Amino acid sequence: MDKLSKCQANYTPLTPLTFLTRCAKCFANCTSVIHEGTRFTWKQTYQRCCRLAFSLRTLNIATNDVVAVLAPNIPAMYEMHFAVPMAGAVINTINTRLDANSIATILQHSEAKVLFVDYEYIPKAKEALALLLMGQKTQHITTLKHHSSPPLLIIIDDINSPTALGESLEYEQLVRKGDPNFVPEKIHDEWAPIALNYTSGTTSAPKGVVYSHRGAYLSTLSLILGWEMGNQPVYLWTLPMFHCNGWCFTWGVAARGGTNVCLRKVAAYDMYKNLSLHHVTHMCCAPIVFNIILEAKASERVEMKSRVEILTGGAPPPPSLIVKIESLGFHVTHAYGLTEATGPALVCEWQNQWNQLPKDEQARLKARQGISVLTLEDVDVKKVDTMESVPRDGKTMGEVVLRGSSIMKGYLKDPESTSKAFSEGWFHTGDAGVIHKDGYLEIKDRFKDVIISGGENISSVELESVLYRHPRVLEAAVVAMPHPRWGESPCAFVVLKNFEGKMNDHVTEDDIIGYCRKNMPPFMVPKVVKIVEEMPKTATGKIQKSKLREKEAKNFTISQNLQSKNNKTNALATSRL
Ligand code: ADP
(Lines give C-alpha, C1' and ligand atoms only; values in the text may rest on other atoms or scores of the structure.)
Protein backbone atom coordinates (compact mmCIF):
# COMPACT_ATOMS: atom_id res chain seq x y z
CA MET A 1 0.00 0.00 0.00
CA ASP A 2 2.81 2.43 0.76
CA LYS A 3 3.92 2.23 -2.90
CA LEU A 4 0.86 4.19 -3.97
CA SER A 5 2.07 7.67 -4.59
CA LYS A 6 0.68 11.16 -4.83
CA CYS A 7 -0.16 12.50 -8.25
CA GLN A 8 -2.04 15.43 -9.71
CA ALA A 9 -5.24 13.43 -9.70
CA ASN A 10 -5.27 12.59 -6.00
CA TYR A 11 -3.24 15.28 -4.31
CA THR A 12 -3.76 18.97 -4.98
CA PRO A 13 -2.66 21.92 -2.88
CA LEU A 14 -5.47 23.13 -0.62
CA THR A 15 -6.56 26.68 -1.33
CA PRO A 16 -9.78 28.62 -0.69
CA LEU A 17 -9.60 29.83 -4.30
CA THR A 18 -11.27 26.56 -5.31
CA PHE A 19 -14.40 27.66 -3.39
CA LEU A 20 -14.94 30.48 -5.88
CA THR A 21 -14.32 28.35 -8.96
CA ARG A 22 -16.82 25.77 -7.74
CA CYS A 23 -19.36 28.39 -6.75
CA ALA A 24 -19.13 30.14 -10.13
CA LYS A 25 -20.06 26.83 -11.73
CA CYS A 26 -22.92 25.62 -9.59
CA PHE A 27 -24.33 28.91 -8.29
CA ALA A 28 -23.51 30.96 -11.41
CA ASN A 29 -26.77 32.90 -11.49
CA CYS A 30 -27.34 33.20 -7.75
CA THR A 31 -26.65 36.47 -5.97
CA SER A 32 -23.12 36.67 -4.62
CA VAL A 33 -22.86 40.26 -3.39
CA ILE A 34 -25.37 42.96 -2.46
CA HIS A 35 -24.37 46.46 -1.51
CA GLU A 36 -27.26 48.91 -1.47
CA GLY A 37 -28.21 49.24 -5.16
CA THR A 38 -25.40 47.00 -6.43
CA ARG A 39 -25.86 43.27 -7.01
CA PHE A 40 -23.63 40.65 -8.58
CA THR A 41 -24.07 36.96 -9.36
CA TRP A 42 -21.37 34.41 -8.64
CA LYS A 43 -20.53 34.24 -12.36
CA GLN A 44 -20.00 38.00 -12.36
CA THR A 45 -17.97 37.90 -9.14
CA TYR A 46 -15.73 35.23 -10.61
CA GLN A 47 -15.19 37.21 -13.79
CA ARG A 48 -14.59 40.46 -11.93
CA CYS A 49 -11.94 38.68 -9.83
CA CYS A 50 -10.28 37.30 -13.00
CA ARG A 51 -10.26 40.78 -14.53
CA LEU A 52 -8.76 42.38 -11.43
CA ALA A 53 -6.14 39.64 -11.09
CA PHE A 54 -5.19 40.22 -14.75
CA SER A 55 -4.86 43.97 -14.16
CA LEU A 56 -2.73 43.40 -11.08
CA ARG A 57 -0.33 41.35 -13.22
CA THR A 58 -0.17 44.15 -15.75
CA LEU A 59 0.79 46.46 -12.87
CA ASN A 60 3.77 44.16 -12.31
CA ILE A 61 2.39 42.47 -9.25
CA ALA A 62 4.38 39.25 -8.96
CA THR A 63 4.08 36.09 -6.87
CA ASN A 64 4.15 36.76 -3.11
CA ASP A 65 4.00 40.54 -3.49
CA VAL A 66 1.87 42.22 -0.85
CA VAL A 67 -1.27 44.05 -1.97
CA ALA A 68 -2.68 46.20 0.84
CA VAL A 69 -6.30 47.35 1.18
CA LEU A 70 -7.78 50.06 3.38
CA ALA A 71 -11.53 49.73 3.02
CA PRO A 72 -14.73 48.93 4.90
CA ASN A 73 -16.98 45.97 4.04
CA ILE A 74 -17.66 46.84 0.39
CA PRO A 75 -17.81 44.59 -2.70
CA ALA A 76 -14.24 45.49 -3.76
CA MET A 77 -12.90 44.36 -0.39
CA TYR A 78 -14.71 41.04 -0.78
CA GLU A 79 -13.51 40.48 -4.36
CA MET A 80 -9.90 41.19 -3.46
CA HIS A 81 -9.89 38.21 -1.11
CA PHE A 82 -9.95 36.10 -4.27
CA ALA A 83 -8.49 38.38 -6.94
CA VAL A 84 -5.25 39.16 -5.09
CA PRO A 85 -4.25 35.50 -4.52
CA MET A 86 -5.51 34.68 -8.05
CA ALA A 87 -2.72 37.01 -9.20
CA GLY A 88 -0.33 35.04 -6.97
CA ALA A 89 -0.07 37.89 -4.46
CA VAL A 90 -0.76 38.21 -0.72
CA ILE A 91 -3.66 40.27 0.57
CA ASN A 92 -3.04 42.60 3.50
CA THR A 93 -6.25 44.15 4.80
CA ILE A 94 -5.57 47.14 7.02
CA ASN A 95 -7.81 48.17 9.89
CA THR A 96 -9.60 51.36 8.83
CA ARG A 97 -9.66 52.65 12.42
CA LEU A 98 -5.87 52.88 12.58
CA ASP A 99 -4.23 56.28 12.37
CA ALA A 100 -1.89 57.38 9.57
CA ASN A 101 1.21 56.58 11.68
CA SER A 102 0.19 52.99 12.27
CA ILE A 103 -0.76 52.56 8.61
CA ALA A 104 2.64 53.91 7.56
CA THR A 105 4.32 51.46 9.94
CA ILE A 106 2.40 48.56 8.43
CA LEU A 107 3.14 49.63 4.84
CA GLN A 108 6.79 50.01 5.69
CA HIS A 109 6.96 46.61 7.32
CA SER A 110 4.94 44.72 4.71
CA GLU A 111 6.68 46.40 1.75
CA ALA A 112 3.29 46.49 0.02
CA LYS A 113 3.49 47.17 -3.73
CA VAL A 114 -0.04 48.49 -4.07
CA LEU A 115 -2.43 50.18 -1.67
CA PHE A 116 -6.14 50.10 -2.56
CA VAL A 117 -8.07 52.78 -0.67
CA ASP A 118 -11.79 53.33 -0.31
CA TYR A 119 -12.71 56.94 -1.18
CA GLU A 120 -13.64 57.71 2.44
CA TYR A 121 -10.10 56.97 3.60
CA ILE A 122 -8.13 58.84 0.92
CA PRO A 123 -6.94 61.65 3.25
CA LYS A 124 -5.72 59.15 5.84
CA ALA A 125 -3.96 57.04 3.21
CA LYS A 126 -2.28 60.07 1.68
CA GLU A 127 -1.07 61.15 5.10
CA ALA A 128 0.32 57.64 5.71
CA LEU A 129 2.11 57.67 2.35
CA ALA A 130 3.58 61.09 3.12
CA LEU A 131 4.87 59.78 6.44
CA LEU A 132 6.33 56.81 4.69
CA LEU A 133 8.14 59.04 2.23
CA MET A 134 9.46 61.32 4.90
CA GLY A 135 10.74 58.30 6.77
CA GLN A 136 9.45 59.83 9.97
CA LYS A 137 9.77 57.94 13.16
CA THR A 138 6.47 56.43 14.16
CA GLN A 139 5.10 55.19 17.39
CA HIS A 140 6.15 51.60 16.88
CA ILE A 141 9.11 51.70 14.52
CA THR A 142 12.06 53.77 15.55
CA THR A 143 14.17 52.72 12.59
CA LEU A 144 11.72 53.75 9.89
CA LYS A 145 13.96 54.12 6.88
CA HIS A 146 13.30 56.01 3.72
CA HIS A 147 10.87 53.80 1.85
CA SER A 148 12.44 53.46 -1.57
CA SER A 149 9.27 52.77 -3.48
CA PRO A 150 6.05 53.52 -1.67
CA PRO A 151 3.02 51.50 -2.78
CA LEU A 152 1.05 52.53 -5.80
CA LEU A 153 -2.18 54.17 -4.64
CA ILE A 154 -5.41 52.90 -6.23
CA ILE A 155 -8.69 54.52 -5.27
CA ILE A 156 -11.90 52.55 -4.75
CA ASP A 157 -14.72 54.88 -5.68
CA ASP A 158 -18.27 54.56 -4.33
CA ILE A 159 -19.71 51.77 -6.46
CA ASN A 160 -23.28 53.01 -5.90
CA SER A 161 -22.67 56.62 -6.88
CA PRO A 162 -19.26 57.07 -8.48
CA THR A 163 -17.67 60.48 -8.57
CA ALA A 164 -15.09 61.66 -11.04
CA LEU A 165 -11.74 61.13 -9.37
CA GLY A 166 -9.59 62.87 -11.93
CA GLU A 167 -6.30 61.27 -12.82
CA SER A 168 -6.28 58.65 -10.09
CA LEU A 169 -6.08 54.96 -10.83
CA GLU A 170 -9.44 53.50 -9.90
CA TYR A 171 -10.62 50.01 -8.95
CA GLU A 172 -13.53 49.73 -11.42
CA GLN A 173 -11.24 50.89 -14.23
CA LEU A 174 -8.89 48.00 -13.44
CA VAL A 175 -11.82 45.58 -13.36
CA ARG A 176 -13.10 46.90 -16.71
CA LYS A 177 -9.71 46.73 -18.38
CA GLY A 178 -8.96 43.21 -17.14
CA ASP A 179 -9.41 39.96 -19.03
CA PRO A 180 -12.44 37.92 -17.83
CA ASN A 181 -10.73 34.80 -19.19
CA PHE A 182 -7.55 35.31 -17.20
CA VAL A 183 -6.30 31.97 -15.89
CA PRO A 184 -5.54 32.39 -12.21
CA GLU A 185 -2.01 31.78 -11.00
CA LYS A 186 -1.63 28.10 -10.17
CA ILE A 187 -0.95 27.43 -6.51
CA HIS A 188 1.85 24.87 -6.48
CA ASP A 189 2.43 24.85 -2.77
CA GLU A 190 -0.37 25.00 -0.23
CA TRP A 191 2.10 26.43 2.29
CA ALA A 192 2.44 29.55 0.10
CA PRO A 193 1.18 32.74 1.75
CA ILE A 194 -2.33 33.98 1.00
CA ALA A 195 -2.86 36.73 3.57
CA LEU A 196 -1.01 39.02 5.94
CA ASN A 197 -2.85 40.42 8.96
CA TYR A 198 -1.38 42.74 11.54
CA THR A 199 -2.30 42.11 15.19
CA SER A 200 -4.15 44.98 16.77
CA GLY A 201 -1.29 45.69 19.11
CA THR A 202 -3.16 45.65 22.40
CA THR A 203 -0.35 43.71 24.01
CA SER A 204 2.71 44.78 21.96
CA ALA A 205 3.71 46.47 18.70
CA PRO A 206 1.66 45.08 15.80
CA LYS A 207 3.09 41.94 14.25
CA GLY A 208 2.50 40.71 10.70
CA VAL A 209 0.73 37.36 10.89
CA VAL A 210 1.08 35.27 7.73
CA TYR A 211 -1.56 32.71 6.68
CA SER A 212 -0.99 29.91 4.19
CA HIS A 213 -3.45 28.76 1.52
CA ARG A 214 -3.68 25.46 3.42
CA GLY A 215 -4.39 27.13 6.78
CA ALA A 216 -7.01 29.42 5.26
CA TYR A 217 -8.71 26.52 3.45
CA LEU A 218 -8.87 24.27 6.50
CA SER A 219 -9.92 27.05 8.82
CA THR A 220 -12.74 28.02 6.53
CA LEU A 221 -14.02 24.45 6.42
CA SER A 222 -13.86 23.97 10.15
CA LEU A 223 -15.64 27.25 10.85
CA ILE A 224 -18.45 26.41 8.47
CA LEU A 225 -18.83 23.08 10.24
CA GLY A 226 -18.39 24.49 13.74
CA TRP A 227 -21.16 27.00 13.08
CA GLU A 228 -23.26 24.52 11.07
CA MET A 229 -23.51 27.03 8.23
CA GLY A 230 -25.70 25.35 5.63
CA ASN A 231 -26.18 25.84 1.92
CA GLN A 232 -26.77 29.35 0.50
CA PRO A 233 -26.74 31.45 3.67
CA VAL A 234 -27.44 35.18 3.50
CA TYR A 235 -24.51 36.65 5.37
CA LEU A 236 -24.50 40.19 6.75
CA TRP A 237 -21.03 41.73 6.94
CA THR A 238 -21.06 43.20 10.45
CA LEU A 239 -17.61 41.80 11.22
CA PRO A 240 -14.89 43.79 9.46
CA MET A 241 -13.28 41.84 6.63
CA PHE A 242 -10.02 43.39 7.80
CA HIS A 243 -10.25 41.33 10.96
CA CYS A 244 -8.63 37.94 10.21
CA ASN A 245 -10.18 38.12 6.71
CA GLY A 246 -13.60 38.24 8.32
CA TRP A 247 -12.76 35.11 10.37
CA CYS A 248 -12.40 33.34 6.99
CA PHE A 249 -16.06 33.92 6.03
CA THR A 250 -14.88 35.92 3.02
CA TRP A 251 -13.88 32.55 1.60
CA GLY A 252 -16.58 30.72 3.59
CA VAL A 253 -19.60 32.41 2.01
CA ALA A 254 -18.29 31.33 -1.43
CA ALA A 255 -17.77 27.80 -0.11
CA ARG A 256 -21.50 27.65 0.75
CA GLY A 257 -22.75 29.52 -2.34
CA GLY A 258 -24.22 32.20 -0.10
CA THR A 259 -24.97 35.89 -0.51
CA ASN A 260 -22.72 38.59 0.95
CA VAL A 261 -24.67 41.59 2.20
CA CYS A 262 -22.05 44.34 2.47
CA LEU A 263 -22.33 46.97 5.17
CA ARG A 264 -20.21 50.12 5.18
CA LYS A 265 -21.13 51.13 8.73
CA VAL A 266 -22.12 49.02 11.72
CA ALA A 267 -24.95 51.25 12.88
CA ALA A 268 -28.29 50.12 14.32
CA TYR A 269 -30.45 51.43 11.48
CA ASP A 270 -28.27 49.95 8.71
CA MET A 271 -28.11 46.62 10.46
CA TYR A 272 -31.84 46.29 11.08
CA LYS A 273 -32.66 47.49 7.56
CA ASN A 274 -30.38 44.97 5.87
CA LEU A 275 -31.37 42.13 8.20
CA SER A 276 -34.97 42.55 7.25
CA LEU A 277 -34.65 43.54 3.59
CA HIS A 278 -32.42 40.64 2.58
CA HIS A 279 -33.68 37.99 5.02
CA VAL A 280 -30.26 37.62 6.56
CA THR A 281 -29.54 34.22 8.11
CA HIS A 282 -26.01 34.69 9.48
CA MET A 283 -23.71 37.36 10.86
CA CYS A 284 -20.54 37.54 12.95
CA CYS A 285 -19.65 40.25 15.43
CA ALA A 286 -17.89 41.11 18.66
CA PRO A 287 -20.19 41.15 21.72
CA ILE A 288 -20.02 44.94 21.72
CA VAL A 289 -22.26 44.93 18.62
CA PHE A 290 -25.01 43.30 20.74
CA ASN A 291 -25.23 46.63 22.59
CA ILE A 292 -25.76 48.51 19.32
CA ILE A 293 -28.61 46.16 18.43
CA LEU A 294 -30.13 46.24 21.91
CA GLU A 295 -29.82 49.99 22.38
CA ALA A 296 -31.39 50.85 18.99
CA LYS A 297 -34.16 53.44 19.09
CA ALA A 298 -37.69 52.24 18.35
CA SER A 299 -37.58 54.04 14.98
CA GLU A 300 -34.45 52.12 13.97
CA ARG A 301 -35.76 48.69 14.84
CA VAL A 302 -37.45 46.14 12.65
CA GLU A 303 -39.20 43.10 14.02
CA MET A 304 -37.17 39.95 13.40
CA LYS A 305 -39.20 37.59 11.23
CA SER A 306 -36.87 34.61 11.40
CA ARG A 307 -33.95 33.46 13.47
CA VAL A 308 -30.55 35.01 12.72
CA GLU A 309 -27.45 33.05 13.63
CA ILE A 310 -24.75 35.15 15.27
CA LEU A 311 -21.20 33.90 15.71
CA THR A 312 -19.60 36.08 18.36
CA GLY A 313 -16.06 36.34 19.65
CA GLY A 314 -13.10 38.66 19.98
CA ALA A 315 -13.97 39.42 23.61
CA PRO A 316 -15.89 37.53 26.28
CA PRO A 317 -19.67 37.89 25.86
CA PRO A 318 -21.25 38.50 29.30
CA PRO A 319 -23.98 35.85 29.88
CA SER A 320 -26.57 38.57 30.63
CA LEU A 321 -25.98 40.06 27.18
CA ILE A 322 -26.43 36.64 25.53
CA VAL A 323 -29.82 36.26 27.22
CA LYS A 324 -30.93 39.71 26.03
CA ILE A 325 -29.85 39.35 22.41
CA GLU A 326 -31.37 35.87 22.11
CA SER A 327 -34.69 37.20 23.40
CA LEU A 328 -34.82 39.38 20.25
CA GLY A 329 -34.69 36.41 17.89
CA PHE A 330 -30.94 35.97 17.42
CA HIS A 331 -29.25 32.69 18.18
CA VAL A 332 -25.71 33.01 19.50
CA THR A 333 -22.77 30.69 18.96
CA HIS A 334 -19.71 31.69 20.92
CA ALA A 335 -16.17 31.31 19.59
CA TYR A 336 -12.75 32.33 20.82
CA GLY A 337 -9.78 33.10 18.66
CA LEU A 338 -6.99 35.40 17.75
CA THR A 339 -5.27 36.69 14.66
CA GLU A 340 -2.55 34.03 14.90
CA ALA A 341 -5.17 31.24 14.84
CA THR A 342 -6.75 32.47 11.57
CA GLY A 343 -9.80 33.60 13.55
CA PRO A 344 -11.78 31.32 15.84
CA ALA A 345 -9.85 28.46 17.42
CA LEU A 346 -12.41 27.33 19.99
CA VAL A 347 -16.15 27.13 19.78
CA CYS A 348 -18.64 26.54 22.55
CA GLU A 349 -20.10 23.46 20.91
CA TRP A 350 -23.68 23.08 22.10
CA GLN A 351 -24.84 19.91 23.87
CA ASN A 352 -28.48 18.99 23.31
CA GLN A 353 -29.10 18.20 26.98
CA TRP A 354 -28.40 21.87 27.81
CA ASN A 355 -31.65 22.82 26.06
CA GLN A 356 -33.58 21.67 29.15
CA LEU A 357 -31.77 24.16 31.42
CA PRO A 358 -33.08 27.60 32.43
CA LYS A 359 -32.07 30.41 30.03
CA ASP A 360 -29.60 32.00 32.49
CA GLU A 361 -27.83 28.71 32.97
CA GLN A 362 -27.70 28.13 29.21
CA ALA A 363 -26.12 31.56 28.77
CA ARG A 364 -23.57 30.87 31.49
CA LEU A 365 -22.52 27.66 29.72
CA LYS A 366 -22.47 29.43 26.35
CA ALA A 367 -20.25 32.22 27.67
CA ARG A 368 -17.49 29.62 28.06
CA GLN A 369 -15.10 29.53 25.11
CA GLY A 370 -15.53 25.80 24.59
CA ILE A 371 -13.56 23.22 22.68
CA SER A 372 -11.25 23.22 19.67
CA VAL A 373 -12.52 23.76 16.14
CA LEU A 374 -11.92 20.78 13.86
CA THR A 375 -8.66 22.07 12.36
CA LEU A 376 -6.93 22.19 15.69
CA GLU A 377 -5.17 19.01 16.65
CA ASP A 378 -5.18 19.97 20.29
CA VAL A 379 -5.76 22.71 22.82
CA ASP A 380 -4.64 22.75 26.41
CA VAL A 381 -4.21 24.97 29.43
CA LYS A 382 -0.68 24.77 30.83
CA LYS A 383 1.05 26.09 33.90
CA VAL A 384 3.45 28.73 32.60
CA ASP A 385 6.53 27.69 34.52
CA THR A 386 6.32 23.88 34.07
CA MET A 387 4.14 23.48 30.94
CA GLU A 388 2.16 20.92 32.97
CA SER A 389 -1.53 20.63 32.06
CA VAL A 390 -3.82 22.14 34.68
CA PRO A 391 -6.42 19.86 36.27
CA ARG A 392 -10.00 19.90 34.94
CA ASP A 393 -11.37 21.69 37.98
CA GLY A 394 -12.65 24.96 36.47
CA LYS A 395 -10.41 26.83 38.93
CA THR A 396 -6.72 26.40 38.24
CA MET A 397 -5.56 28.99 35.73
CA GLY A 398 -2.85 28.49 33.15
CA GLU A 399 -1.97 29.68 29.66
CA VAL A 400 -4.16 28.56 26.76
CA VAL A 401 -1.98 26.85 24.13
CA LEU A 402 -3.01 25.66 20.69
CA ARG A 403 -1.63 23.33 18.04
CA GLY A 404 -2.93 22.54 14.57
CA SER A 405 -3.32 23.42 10.93
CA SER A 406 -5.16 26.68 11.44
CA ILE A 407 -2.29 28.31 13.28
CA MET A 408 -0.38 30.98 11.31
CA LYS A 409 2.81 30.28 9.36
CA GLY A 410 4.57 32.78 11.60
CA TYR A 411 5.28 36.49 11.99
CA LEU A 412 6.64 38.29 8.93
CA LYS A 413 10.35 39.15 9.23
CA ASP A 414 10.33 38.33 12.94
CA PRO A 415 11.93 34.93 13.59
CA GLU A 416 12.49 35.72 17.25
CA SER A 417 8.82 36.38 18.05
CA THR A 418 7.83 33.43 15.85
CA SER A 419 9.96 30.94 17.73
CA LYS A 420 8.91 32.40 21.07
CA ALA A 421 5.24 32.05 20.13
CA PHE A 422 5.80 28.42 19.02
CA SER A 423 8.03 27.27 21.89
CA GLU A 424 7.62 23.69 23.20
CA GLY A 425 5.56 22.70 20.15
CA TRP A 426 2.56 24.86 21.05
CA PHE A 427 1.29 28.24 20.04
CA HIS A 428 1.16 30.37 23.19
CA THR A 429 -1.90 32.61 23.25
CA GLY A 430 -1.04 34.77 26.27
CA ASP A 431 -4.57 34.16 27.55
CA ALA A 432 -5.25 32.81 31.01
CA GLY A 433 -7.90 30.12 31.19
CA VAL A 434 -9.27 27.16 33.10
CA ILE A 435 -10.64 23.78 32.00
CA HIS A 436 -13.95 22.62 33.39
CA LYS A 437 -14.80 19.03 34.31
CA ASP A 438 -16.56 18.54 30.96
CA GLY A 439 -13.42 19.56 29.03
CA TYR A 440 -14.76 23.01 28.06
CA LEU A 441 -12.31 25.88 28.37
CA GLU A 442 -13.07 29.22 29.88
CA ILE A 443 -10.90 32.30 29.36
CA LYS A 444 -10.49 34.16 32.61
CA ASP A 445 -8.25 36.93 31.40
CA ARG A 446 -5.26 37.99 29.44
CA PHE A 447 -2.17 37.26 31.49
CA LYS A 448 -1.32 40.88 31.89
CA ASP A 449 -4.88 41.73 32.94
CA VAL A 450 -5.14 39.22 35.80
CA ILE A 451 -5.42 41.11 39.08
CA ILE A 452 -3.41 39.73 41.96
CA SER A 453 -4.70 41.04 45.22
CA GLY A 454 -2.96 39.81 48.35
CA GLY A 455 -1.67 36.80 46.35
CA GLU A 456 -5.20 35.92 45.22
CA ASN A 457 -5.94 35.85 41.46
CA ILE A 458 -8.96 37.87 40.46
CA SER A 459 -10.32 37.39 36.97
CA SER A 460 -11.35 40.73 35.52
CA VAL A 461 -13.69 38.86 33.14
CA GLU A 462 -15.60 37.30 36.05
CA LEU A 463 -15.92 40.62 37.79
CA GLU A 464 -17.08 42.32 34.60
CA SER A 465 -19.75 39.71 34.00
CA VAL A 466 -21.24 40.49 37.44
CA LEU A 467 -21.18 44.21 36.60
CA TYR A 468 -22.94 43.55 33.29
CA ARG A 469 -25.85 42.04 35.22
CA HIS A 470 -26.51 45.44 36.83
CA PRO A 471 -29.53 46.82 34.96
CA ARG A 472 -27.94 50.24 34.35
CA VAL A 473 -24.51 49.07 33.19
CA LEU A 474 -23.86 49.28 29.46
CA GLU A 475 -20.13 48.59 29.43
CA ALA A 476 -17.74 47.46 32.15
CA ALA A 477 -13.98 46.99 32.38
CA VAL A 478 -11.96 46.07 35.41
CA VAL A 479 -8.23 46.71 35.74
CA ALA A 480 -5.62 46.32 38.44
CA MET A 481 -4.95 49.37 40.54
CA PRO A 482 -1.78 49.54 42.63
CA HIS A 483 -2.63 49.11 46.29
CA PRO A 484 -0.15 49.76 49.12
CA ARG A 485 -1.32 46.80 51.17
CA TRP A 486 -2.62 44.21 48.71
CA GLY A 487 -0.19 44.91 45.87
CA GLU A 488 -3.12 45.32 43.48
CA SER A 489 -6.82 45.75 43.87
CA PRO A 490 -9.61 45.84 41.27
CA CYS A 491 -10.73 49.16 39.88
CA ALA A 492 -13.91 49.13 37.77
CA PHE A 493 -14.81 51.51 34.99
CA VAL A 494 -18.43 51.53 33.88
CA VAL A 495 -20.46 53.28 31.23
CA LEU A 496 -24.11 53.62 32.19
CA LYS A 497 -27.04 53.18 29.85
CA ASN A 498 -28.66 56.28 28.41
CA PHE A 499 -25.87 58.58 29.41
CA GLU A 500 -26.76 61.99 28.10
CA GLY A 501 -23.70 64.07 28.73
CA LYS A 502 -24.39 64.60 32.42
CA MET A 503 -23.85 62.42 35.46
CA ASN A 504 -26.47 59.76 35.34
CA ASP A 505 -29.52 60.10 37.60
CA HIS A 506 -29.69 57.91 40.64
CA VAL A 507 -26.78 55.52 39.98
CA THR A 508 -23.62 56.48 41.84
CA GLU A 509 -20.24 54.85 42.27
CA ASP A 510 -21.23 53.84 45.80
CA ASP A 511 -24.36 52.15 44.47
CA ILE A 512 -22.25 50.01 42.17
CA ILE A 513 -19.84 49.12 44.98
CA GLY A 514 -22.84 48.21 47.15
CA TYR A 515 -24.19 46.03 44.34
CA CYS A 516 -20.79 44.30 44.01
CA ARG A 517 -20.70 43.61 47.76
CA LYS A 518 -23.99 41.76 47.43
CA ASN A 519 -22.95 39.78 44.37
CA MET A 520 -19.34 38.70 44.80
CA PRO A 521 -16.88 37.56 47.44
CA PRO A 522 -15.41 40.46 49.45
CA PHE A 523 -11.86 40.14 48.06
CA MET A 524 -13.18 40.67 44.53
CA VAL A 525 -15.16 43.82 45.25
CA PRO A 526 -13.59 46.79 43.38
CA LYS A 527 -12.10 49.32 45.77
CA VAL A 528 -12.87 52.05 43.27
CA VAL A 529 -15.63 52.38 40.68
CA LYS A 530 -15.49 55.11 38.07
CA ILE A 531 -18.50 56.06 36.03
CA VAL A 532 -17.21 57.27 32.68
CA GLU A 533 -18.86 58.58 29.58
CA GLU A 534 -16.89 56.43 27.17
CA MET A 535 -14.28 53.65 27.19
CA PRO A 536 -11.01 53.97 25.28
CA LYS A 537 -11.10 51.36 22.51
CA THR A 538 -8.55 49.72 20.24
CA ALA A 539 -8.86 49.85 16.49
CA THR A 540 -10.71 46.53 16.68
CA GLY A 541 -13.23 47.98 19.12
CA LYS A 542 -11.85 46.31 22.23
CA ILE A 543 -11.66 48.21 25.48
CA GLN A 544 -8.09 49.38 25.98
CA LYS A 545 -7.33 48.30 29.50
CA SER A 546 -3.79 49.65 29.27
CA LYS A 547 -5.23 53.17 28.88
CA LEU A 548 -7.53 52.64 31.87
CA ARG A 549 -4.60 51.36 33.91
CA GLU A 550 -2.57 54.41 32.94
CA LYS A 551 -5.38 56.64 34.19
CA GLU A 552 -5.41 54.85 37.49
CA ALA A 553 -1.65 54.66 37.89
CA LYS A 554 -1.38 58.45 37.68
CA ASN A 555 -2.75 58.62 41.20
CA PHE A 556 0.17 56.70 42.59
CA THR A 557 3.84 57.46 43.04
CA ILE A 558 6.36 55.67 40.87
CA SER A 559 7.78 53.82 43.84
CA GLN A 560 4.37 52.48 44.78
CA ASN A 561 3.92 51.32 41.22
CA LEU A 562 7.25 49.56 41.18
CA GLN A 563 6.46 47.95 44.48
CA SER A 564 3.20 46.67 43.07
CA LYS A 565 4.92 45.37 39.93
CA ASN A 566 7.41 43.39 42.02
CA ASN A 567 4.60 42.00 44.11
CA LYS A 568 2.84 40.95 40.93
CA THR A 569 5.88 39.18 39.48
CA ASN A 570 6.42 37.30 42.73
CA ALA A 571 2.79 36.46 43.10
CA LEU A 572 2.53 35.24 39.49
CA ALA A 573 5.51 32.97 39.99
CA THR A 574 4.17 31.45 43.18
CA SER A 575 0.44 31.54 42.52
CA ARG A 576 -1.69 28.89 40.87
CA LEU A 577 -0.86 30.27 37.41
P1 ADP B 1 -4.96 41.50 19.91
O2 ADP B 1 -4.35 40.39 20.72
O3 ADP B 1 -3.94 42.44 19.41
O4 ADP B 1 -6.18 42.14 20.54
P5 ADP B 1 -6.71 39.84 18.35
O6 ADP B 1 -7.71 40.69 17.72
O7 ADP B 1 -6.18 38.68 17.62
O8 ADP B 1 -5.51 40.77 18.64
O9 ADP B 1 -7.35 39.42 19.73
C10 ADP B 1 -7.25 38.15 20.28
C11 ADP B 1 -7.55 38.18 21.73
O12 ADP B 1 -8.92 38.54 21.98
C13 ADP B 1 -7.40 36.83 22.40
O14 ADP B 1 -6.05 36.55 22.69
C15 ADP B 1 -8.27 36.98 23.63
O16 ADP B 1 -7.58 37.66 24.66
C17 ADP B 1 -9.40 37.87 23.14
N18 ADP B 1 -10.57 37.05 22.77
C19 ADP B 1 -10.95 36.65 21.55
N20 ADP B 1 -12.09 35.95 21.58
C21 ADP B 1 -12.47 35.88 22.87
C22 ADP B 1 -13.57 35.27 23.56
N23 ADP B 1 -14.53 34.63 22.92
N24 ADP B 1 -13.58 35.39 24.89
C25 ADP B 1 -12.61 36.04 25.57
N26 ADP B 1 -11.56 36.65 24.98
C27 ADP B 1 -11.49 36.57 23.64
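Because the structure is predicted, anything quoted here is derived from the model rather than measured. Both counts, for ligands and for their atoms, begin at 1 and track the order of listing. No hydrogens, no waters, no symmetry mates; every other heavy atom, side chains included, goes into these values.
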**Item:** Min side-chain heavy-atom separation Met520-Val525 under 4.5 Å
**Value:** yes
**Asked** Is there a donor in the side chain of His243 and an acceptor in the side chain of Asn95, or the other way round, less than 3.5 Å apart?
**Response** no
**Message:** Can you check which of Lys542, Arg368, Glu442 brings a heavy atom nearest to atom 12 (O) of ligand 1?
**Reply:** Lys542
**Item:** Close approach, Ala335 and ligand 1, non-hydrogen under 4.0 angstrom
**Value:** yes
**Message:** So for ligand 1, is Leu338 a polar contact partner (N or O within less than 3.5 Å, distance only)?
**Reply:** no
**Item:** Region of Ala315 engaging ligand 1 - heavy atom pairs below 4.0 Å
**Value:** backbone
**For His243, atoms of ligand 1 separated by under 4.0 Å from a heavy atom** = 6 (O)
**Message:** Within the 3.5 Å criterion, strictly below it, is a donor on Asn245 or Thr250 matched to an acceptor on the partner's side chain?
**Reply:** no
**Arg446 N/O to ligand 1 N/O under 3.5 Å** = yes
**Prompt:** Who gets closest to atom 15 (C) of ligand 1 by heavy atom: Leu441, Val347, Asp431, Ile443?
**Reply:** Asp431
**Complete:** Closest non-hydrogen contact found for Leu376 with Leu402 is CD1-CD2, 3.8 Å
**Request:** Take atom NZ of Lys413 as the centre, draw a 6.0 Å sphere, and report whether it contains more than 12 heavy atoms from other residues, nucleotides or ligands.
**Result:** yes
**Prompt:** Taking NZ, NE, NH1 and NH2 as the nitrogens, is one of them in Glu361 or Arg364 under 4.0 Å from a carboxylate oxygen of the other?
**Reply:** yes
**Message:** Do the side chains of Lys444 and Glu462 get close enough for a salt bridge, i.e. N-O under 4.0 angstrom?
**Reply:** yes
**Request:** Give the numbers and elements of all ligand 1 atoms closer than 4.0 Å to a heavy atom of Thr339.
**Result:** 5 (P), 6 (O), 7 (O), 8 (O)
**Prompt:** Which of these, Ala286, Pro316, Gly433, has its nearest heavy atom closest to atom 26 (N) of ligand 1?
**Reply:** Pro316
